[in-house]
Amino acid sequence: MNHQFSQLDEGVSSDVETASAFQMAVATVLLALLLQLFWRCCCSCYCNHVKKYVSFFLSSSACGMDPSTIAAVENILNYTFKNKTLLVEALTHSSFNPHKSFARLEFIGDAALGLAVATHFFCLEQPKLTTEQLTNLRKVIVSNKKLARIAAEHGLYWFVRRKNIEDLDYLVKEYEGAVKQGDDQTIKDQHPGILADIVESLAGAVYSDVDFDLKELWLIFRDLLGVDEIELPKDGDDGSSEITGAQDQLYGLCGRRRWTKPCYREEKARDRDACKYVYSVEIGIGDLVLTEKGYEKSSKKLAKNSAAYLLICNLQKSRRM
Ligand SMILES: *[C@@H]1O[C@H](CO)[C@@H](O)[C@H](O)[C@H]1NC(C)=O
Ligand SMILES: *[C@@H]1O[C@H](CO)[C@@H](O)[C@H](O)[C@H]1NC(C)=O
């Protein structure tokens, strides 16, 4: 009996030993797994950080673009790119890298800007614009002339990577000088095409960076395009094509009719401290001198435009054009 018991005891104790050895093994394996998991986590965190830094360098300095250039353009746009590679591409002329120039971004940017402007004015409740007015507004706001002017005002050309195109450098410098001096005739005659392309390629880069969200593109670009300065046609106002560009139109008209060229004079604004301007414009038709005073505006340019616009309206009313 005793013997049997002792055998039984042995059996039980060896069972207990096997069980605890089994538990130990399971615990060890679990621990090992946990450790491995922890290690992988650490690794991937670390790698992600390294990757972020590497991609930052790859997308900026290693792409041959100074981080300060990137920051300067981001500052002008008031937008920080998630993917800097897009911005670098938008600032690469084909003379620098024909395979990765801004041409593709310019293509999508051109279309997106046009649609963003069209959508904005289409959705306006007050005033509800006619098809013709909508067409004119879009034409004016995203015209190459207007975009070139914006590029010149911000010196965007000089951020673009380019090679051996000194002729173009020279043209751009001349044009920028004309814009600075408000020399309307030069501005009208020649605007280097590349300037509008740059604004469009930047728009394309932003549009792509915001995942093709048209509203976001609009919020970012409306300031740059100066949309709030655009004078909307009032109800019953049929001069929709003269919203802006009346100055150019008057100049062209005088040239064609051989009238004396428009002469603008600054008038006293009621409230000069509020930075308001008033201009009058004068043209000569043979012996006849016509003058018109514009409305008070927030800039000299708009004030001149207003005077020109009213003069054109008068010419139309008196059937001289
Ligand atoms: C820049 O954009 C932010 C919104 O993203 C806006 O609050 C800020 O006023 C803008 N700055 C300028 C100078 O337009
Ligand atoms: C950044 O943009 C470039 C150019 O379009 C693209 O090839 C790349 O995949 C983008 N990177 C990320 C992280 O989205």
Side-chain angles (χ1 to χ4, degrees), residues 43-113 115-117 119-121 123 141-142 146-147 149-156 158-163 179-180 194 197-230 274-275 297-299 301-302:
C43 256
S44 87
C45 278
Y46 179 72
C47 284
N48 274 347
H49 267 298
V50 169
K51 256 190 223 155
K52 239 186 239 165
Y53 284 116
V54 167
S55 76
F56 177 75
F57 278 112
L58 273 183
S59 65
S60 53
S61 46
C63 279
M65 187 154 282
D66 191 345
S68 70
T69 303
I70 289 182
V73 177
E74 286 184 335
N75 193 36
I76 290 169
L77 298 175
N78 191 20
Y79 176 73
T80 307
F81 277 84
K82 297 191 270 292
N83 184 351
K84 311 281 184 207
T85 311
L86 287 166
L87 179 55
V88 172
E89 191 175 323
L91 295 172
T92 303
H93 185 246
S94 56
S95 63
F96 187 90
N97 183 349
H99 308 297
K100 217 159 173 47
S101 78
F102 59 56
R104 273 172 56 83
L105 288 174
E106 177 204 335
F107 165 77
I108 194 72
D110 178 21
L113 272 187
L115 187 56
V117 169
T119 307
H120 171 73
F121 287 109
C123 292
I141 295 174
V142 292
K146 173 91 188 296
L147 298 183
R149 202 178 184 128
I150 289 167
E153 279 165 4
H154 294 284
L156 289 176
W158 309 103
F159 295 113
V160 172
R161 303 191 294 174
R162 58 204 190 277
K163 238 194 244 165
V179 167
K180 224 168 251 159
I194 186 173
D197 297 348
I198 296 167
V199 177
E200 285 167 357
S201 76
L202 286 172
V206 169
Y207 187 47
S208 179
D209 203 45
V210 296
D211 265 338
F212 307 101
D213 184 332
L214 201 63
K215 264 195 184 147
E216 281 220 36
L217 173 72
W218 179 243
L219 289 178
I220 294 156
F221 263 74
R222 60 175 300 159
D223 283 343
L224 196 67
L225 295 176
V227 169
D228 290 333
E229 292 170 22
I230 301 286
C275 283
K297 296 288 165 188
S298 59
S299 79
K301 196 176 132 213
L302 291 175

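Position 1 is the first residue of the sequence, and the numbers go up from there. Order of appearance sets the numbers: ligands from 1, and atoms from 1 within every ligand.
Protein heavy atom in closest approach to atom 4 (C) of ligand 2: E89 OE1, 3.9 Å. Nearest protein heavy-atom contact of atom 3 (C) of ligand 1 is N78 ND2, 3.7 Å. Here the protein heavy atom with the shortest distance to atom 5 (O) of ligand 2 is L86 CD2, 3.5 Å. The nearest protein atom to atom 6 (C) of ligand 2, hydrogens excluded, is given as N83 ND2, 4.1 Å; this is a heavy-atom distance.
No donor-acceptor pair under 3.5 Å is formed between the side chain of S208 and the backbone N or O of A205.
Protein non-hydrogen atoms do reach within 4.0 Å of atom 14 (O) of ligand 1. Protein heavy atoms all stay at least 4.0 Å away from atom 9 (O) of ligand 2.
Judged purely by distance below 3.5 Å, without hydrogens or angles, the side chains of R162 and S95 never pair a donor atom with an acceptor atom.
Taking 4.5 Å as the limit, every side-chain heavy atom of V160 sits out of range of all side-chain heavy atoms of F96.
The pair R104-E89 does not meet the salt-bridge criterion, since no charged nitrogen lies less than 4.0 angstrom from a carboxylate oxygen.
More than 12 heavy atoms of other residues, nucleotides or ligands lie within 6.0 Å of NZ in K82, so this atom counts as buried by the packing criterion.
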